[in-house]
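Basis for what follows: all heavy atoms, side chains included, without hydrogens, waters or symmetry-related copies. Keep in mind that this is a model prediction, so the values were computed, not measured. First listed ligand is number 1; within each ligand, the first listed atom is number 1.
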Amino acid sequence: MSSTKLIARTALLAAVITAPASSLADQGDWIVRVGAAMVDPDVSSDPIDVAGLTTLDGVDVDSDTQLGITGTYMLRDKWGISLLAATPFEHDISVSNTDISAGSTKHLPPTVTLQWYPRGGNDGWQPYLGLGINYTGFFDEEVDPELEAALGVITEPVTGVTDPVPASLSLDNSWGVALQAGVDIPLNEHWAVNAGVWWIDIDTKATIGTALADVKFDVELDPWVYMIGVAYTF
Ligand code: NI
């Protein structure tokens, strides 16, 4: 091999290795995004009619942060389909306008969205908008002793005692619409910084079960979900 050929081949190889970063969103790409995901419910709860004895103002549900991961497949340069997954979120539940801790629940909110990348196929930052569907499955619902003690006081006219009333909590699973916006800011050919937000319509019916009666009320969680992390495209 002549030295000219060697130099030419070396230059070609160097050119390939240092080729300008291709777009982060091209047809056929997979994009995996990993980061901290916070579910921040924007709660709207019906009042809780406790068997006609009293009416509580409803419930509040606090936020939680877990590890979020999304996988996206680019169907076209400008269109992708994405799945949001996460480690289980756990939320504390309290009775509105009181100090009563009511309990807690865990949930998983898998969400599929069809995404539009207006700059798909171009280099540089990649904003996207998504529209899709969410399924939220609740599990490990627990009732706090504070609520059982409060139920004991509330039901005293019926039972004649103020002993705590053992209770259970269950939350119906939810299907709803999900809206999404996000952006990838490329660091190099594969890696980007990612920030995304979802609004998810999560509505559930809560049932507080006791030996005396079941109490049911509707709760809209409708959370904002914020995720910040990294994206890897391959
Ligand atoms: Ni809703």
Side-chain angles (χ1 to χ4, degrees), residues 33 35-51 54-72 80-98 100-116 127-144 147 167-183 194-209 214-228:
R33 300 179 176 99
M38 180 175 82
V39 172
D40 188 18
D42 183 15
V43 180
S44 168
S45 171
D46 278 359
I48 308 168
D49 176 0
V50 185
T54 192
T55 302
L56 304 172
D57 285 345
V59 291
D60 293 323
V61 181
D62 76 351
S63 62
D64 190 36
T65 301
Q66 292 292 333
L67 178 70
I69 181 165
T70 74
T72 299
I81 186 143
S82 182
L83 172 68
L84 165 68
T87 50
F89 293 91
E90 180 166 4
H91 299 271
D92 288 331
I93 303 168
S94 58
V95 179
S96 301
N97 302 321
T98 73
I100 301 169
S101 171
S104 63
T105 184
K106 294 179 183 175
H107 74 93
L108 280 171
T111 304
V112 176
T113 49
L114 182 66
Q115 298 175 324
W116 175 56
Y128 53 89
L129 296 173
L131 171 66
I133 190 156
N134 163 265
Y135 172 77
T136 295
F138 296 96
F139 59 96
D140 279 1
E141 299 100 320
E142 286 179 5
V143 172
D144 198 280
L147 179 64
S168 64
L169 172 68
S170 76
L171 299 170
D172 288 357
N173 297 333
S174 164
W175 288 93
V177 167
L179 306 175
Q180 180 190 29
V183 64
N194 170 257
V197 59
W198 290 255
W199 179 83
I200 306 179
D201 188 21
I202 302 178
D203 302 335
T204 184
K205 183 180 286 292
T207 303
I208 298 173
D214 284 353
V215 173
K216 294 176 186 287
F217 56 102
D218 292 328
V219 183
E220 292 200 46
L221 296 169
D222 298 355
W224 292 89
V225 180
Y226 306 96
M227 185 165 134
I228 187 141

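The N, O or S atom of Asp203 with the smallest distance to the Ni ion (ligand 1) is OD1. Closest to the Ni ion (ligand 1) among the N, O or S atoms of Glu220 is OE1. With respect to the Ni ion (ligand 1), Asp201 has OD1 as its nearest N, O or S atom.
No donor-acceptor contact under 3.5 angstrom links the side chains of Ser94 and Asp92, judged on distance only. Between the side chains of Thr87 and Gln66, at least one donor-acceptor pair of N or O atoms lies under 3.5 Å.
Between Lys205 and Asp172, none of the side-chain N atoms (NZ, or NE/NH1/NH2) sits under 4.0 Å from a carboxylate O, so this pair counts as no salt bridge.
For Phe139, there are no ring pair (Phe, Tyr, Trp, His ring centres under 6.0 Å) partners two or more places apart in sequence or in a different chain.
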